[in-house]
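Take a look at the structure set out below.
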Amino acid sequence: MKFQKNLVINKLDTIKTAMIKIKKNGSRTVIVLDKNKKLLGTLSEGDIHTALIKNAKVSEKIDNYYNKYPKKIFIQNLKNTKLKKMFINYRFGLMPVVDKKKFLKKIITWNDVFSDSEKFDLKEIDVVIMAGGKGKRLKPLTEVLPK
């Protein structure tokens, strides 16, 4: 089974590669797979921020930074899962769907769950951060991720 290349990553890839894929896929997360497409974990923008705060280099491998116990859906439970509630409550960008042996079978993204016509009440937004400027102080991070 083929998956969009910007949604999956190998644990030996670098933080910079992950940042580029996350920027391209727009889901704030990538799924970490082994060479046989078995789920190893997920790596989110938050995981990357935490690594960088701990002085990780963007050239380092993601192996020490990805979530090895990610939320996932087993394919046999897919029909019974309340996807919209999960995506909103946990603020997921994507969700891996796996079989009993944890082989990736499908990737469900925010756009798969919510149509463009669905509107959200803006009163539910807790904070809006206005970030003007060119992001020079955050380089090289702003070359692959927006402020």
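Heavy-atom basis, side chains included; hydrogens, waters and symmetry copies ignored.
- Between the side chain of K105 and the backbone N or O of I75 there is no donor-acceptor pair closer than 3.5 Å.
- By the side chain to side chain contact (heavy atoms under 4.5 Å, CB included) test, N36 pairs with D34, F103, sequence neighbours left out.
- Not counting sequence neighbours, the partners of Y90 by the ring-ring contact (aromatic ring centres under 6.0 Å, His included) test are F92.
- The hydrophobic cluster containing L78 also contains M86, counting ILVMFWY residues as joined when their side-chain heavy atoms lie under 4.5 angstrom apart, directly or transitively.
- Taking CD of Q4 as the start and OG of S27 as the end, the distance is 8.5 Å to the nearest 0.5 Å.
- Side-chain contact between I73 and L83 is present, with heavy atoms from C-beta onward closer than 4.5 Å.
- For K72, the NZ atom counts as densely surrounded, since its 6.0 Å shell holds more than 12 non-hydrogen atoms of other residues, nucleotides or ligands.
- In this structure a side-chain-to-backbone donor-acceptor pair under 3.5 Å is present from D13 to N10.
- Taking every heavy atom of both residues into account, K38 and K101 meet most closely at CE-O, 3.1 Å.
- Atom CG in L33 sits 12.0 Å away from atom NZ in K11 (nearest 0.5 Å).
- Residues I108 and V97 meet the side-chain proximity criterion, which asks for heavy atoms closer than 4.5 Å.
- Nearest heavy-atom pair, R28 versus G93, reported as atom, atom and distance to 0.1 Å: NH2-N, 3.7 Å.
- Counting only residues at least two apart or in different chains, side chain to side chain donor-acceptor pair (under 3.5 Å) contacts with residues 43-55 comprise S44-D47.
- Other residues, nucleotides and ligands contribute at most 12 non-hydrogen atoms within 6.0 Å of the NZ atom of K102.
- In this structure D63 satisfies the salt bridge (Lys or Arg N to Asp or Glu O under 4.0 Å) test with no other residue, sequence neighbours excluded.
- Two residues are said to be in side-chain contact when any heavy atoms from C-beta on lie closer than 4.5 Å; I48 and L43 meet this criterion.
- The two residues S59 and T14 come nearest to each other via the heavy atoms O-CG2, 3.4 Å.
- Partners of I107 under the side chain to side chain contact (heavy atoms under 4.5 Å, CB included) rule, at least two apart in sequence or in another chain, are F3, L7, V8, I31, L94, L104, T109.
- Closest heavy-atom contact between V30 and I9: CG2-CG2, 3.6 Å.
- The two residues P70 and G41 make their nearest non-hydrogen contact at CG-CA, 3.7 Å.
- Here E60 pairs with Y65 under the side chain to side chain donor-acceptor pair (under 3.5 Å) rule; sequence neighbours left out.
- Residue-environment remark: NZ (K68) exceeds the threshold of 12 foreign heavy atoms within 6.0 Å.
- Contact check for L52 versus V58: side-chain heavy atoms found under the 4.5 Å cut-off.
- Here the closest non-hydrogen pair linking F87 and W110 is CE2-N, 3.6 Å.
- Hydrophobic cluster membership is shared by F74 and L39, with clusters built from Ile, Leu, Val, Met, Phe, Trp and Tyr side chains linked at under 4.5 angstrom.
- A 4.5 Å side-chain heavy-atom check between K106 and M95 finds every atom pair outside the cut-off.
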